[in-house]
Amino acid sequence: MEFLVRFETTLPPGMDSEEVGRLKTNERKRATELRQEGKLVRLWRVPGRRAVVGLWKAASTTELHEAISSLPQFPWMDVTVEPLALHPQEL
């Protein structure tokens, strides 16, 4: 199944800059692993915001949740998931 996933990250004000750096580094590493696993297909940034739109693939919503929640910044993300179905013109 394919999913359109939108998320915006809001880290706590005053979070230590070293911790922010570690989170970003670990986030990139985990995202790369999810790409290699075929779960994260494509990402787009939303200009002017700390928001991202992504195309994800997973066998189930549970598998998708496990993948998204494995991201280091997940505790600070507001996530919206839209399951996608093929349009008849795409068949």
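Both V81 and F74 are assigned to one and the same hydrophobic cluster, defined by single-linkage of ILVMFWY side chains at heavy-atom distances under 4.5 Å. The hydrophobic clustering, which links ILVMFWY residues whose side-chain heavy atoms are closer than 4.5 Å, places V52 and L23 apart. Transitive grouping of hydrophobic side chains (ILVMFWY, heavy atoms separated by less than 4.5 Å) keeps I68 and L4 in distinct clusters. Hydrophobic cluster membership differs between W76 and V79, with clusters built from Ile, Leu, Val, Met, Phe, Trp and Tyr side chains linked at under 4.5 angstrom. Linking ILVMFWY side-chain heavy atoms closer than 4.5 Å, directly or via other members, places L43 and L64 in a single hydrophobic cluster.
Counting all heavy atoms, side chain and backbone alike, V53 lies closest to R6 at CG2-NH1, 3.9 Å.
Rounded to the nearest 0.5 angstrom, L34 CG and L71 CG are separated by 6.0 Å. The line from NZ of K39 to CZ of F3 is 12.0 Å long, rounded to the nearest 0.5 Å. Atom CZ of R49 is separated from atom CD of E8 by 4.0 Å, given to the nearest 0.5 angstrom. With values rounded to the nearest 0.5 angstrom, T61 atom OG1 is found 9.5 Å from H65 atom NE2. Atom-to-atom distance recorded for L84:CG and L55:CG is 7.0 Å, nearest 0.5 angstrom. Taking CG of L11 as the start and OG1 of T9 as the end, the distance is 6.5 Å to the nearest 0.5 Å.
The main-chain N or O of K57 is never found under 3.5 Å from a side-chain atom of E2 such that the two would form a donor-acceptor pair. A donor-acceptor distance shorter than 3.5 angstrom exists from the side chain of E63 to the backbone of A59, with no hydrogens or angles considered.
Under the 4.0 Å criterion applied to side-chain N and carboxylate O atoms, E27 and K24 are not assigned as salt-bridge partners.
A donor atom on one side chain and an acceptor atom on the other are found under 3.5 Å apart for S70 and R30.
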